[in-house]
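These notes are about the structure you will find just below.
Along the sequence shown, the residues carry numbers beginning at 1. Reckoned from all heavy atoms, side chains included, excluding hydrogens, waters and symmetry mates.
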Amino acid sequence: SSKKRFHVPEQFIKFKAIRSSGPGGQNVNKVSTCVEARFNIAAATESAILPQDARDRLMQQNPNRINKKGELVVQAQEERTQARNKVIAK
């Protein structure tokens, strides 16, 4: 069976800037360049944004990234800027 791709509207993703442990030299201690993205899987399924089969696939493939609240949590800190890390986190 072929897997369908789906797009999550950005308003369903919560972004938060946190301090990075990645590249950035002295900037790491001063600027929050790491971006954390949180997506509430249960709420998206209830509001029909996320099809049930996609929800099941997310839960199976990412068990260590889903917290007790049912949020898929992704962190991006590869880049030196918050804006570029936000693009990666999406």
List the residues meeting side-chain contact (heavy atoms from CB on, under 4.5 Å) with Ala17, not counting sequence neighbours, and say none if there are none.
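Checked Ala17 against side-chain contact (heavy atoms from CB on, under 4.5 Å); matches are Ser32, Gln82.
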In chain order, what residues pass the side-chain contact (heavy atoms from CB on, under 4.5 Å) check against Gln52, with sequence neighbours excluded?
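Counting only residues at least two positions away or on another chain, Gln52 forms a side-chain contact (heavy atoms from CB on, under 4.5 Å) with Thr45, Arg55, Asp56.
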Can you find a heavy atom in the side chain of Asn67 that is under 4.5 Å from one in the side chain of Leu72?
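Side-chain contact under 4.5 Å: no.
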With heavy-atom distances below 4.5 Å as the criterion, would you say the side chains of Ile66 and Met59 are in contact?
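Side chain of Ile66 against side chain of Met59, heavy atoms only: contact under 4.5 Å found.
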Roughly how far, to the nearest 0.5 Å, is the [atom2] atom of [Y] from the [atom1] atom of [X]?
{"X": "Glu36", "Y": "Lys16", "atom1": "CD", "atom2": "NZ", "answer": "5.5 Å"}
{"X": "Arg57", "Y": "Leu50", "atom1": "CZ", "atom2": "CG", "answer": "9.0 Å"}
{"X": "Phe39", "Y": "Glu71", "atom1": "CZ", "atom2": "CD", "answer": "10.5 Å"}
{"X": "Phe12", "Y": "Ile41", "atom1": "CZ", "atom2": "CD1", "answer": "14.0 Å"}

Could you state whether Val73 and Ile49 fall into the same hydrophobic cluster, counting links through intermediate Ile, Leu, Val, Met, Phe, Trp or Tyr residues with side-chain heavy atoms under 4.5 angstrom apart?
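No, no single cluster joins them.
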Take Phe15 and Glu10 through the test side-chain contact (heavy atoms from CB on, under 4.5 Å) and record every step on the way to the result.
CA-CA 9 Å; Phe15 293 99; Glu10 195 168 323; 3.7 Å; yes
List in chain and number order the residues that pass side-chain hydrogen bond (donor to acceptor under 3.5 Å, both in side chains) with Arg65, two or more places apart in sequence or in another chain; answer none if no residue qualifies.
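Counting only residues at least two positions away or on another chain, Arg65 forms no side-chain hydrogen bond (donor to acceptor under 3.5 Å, both in side chains).
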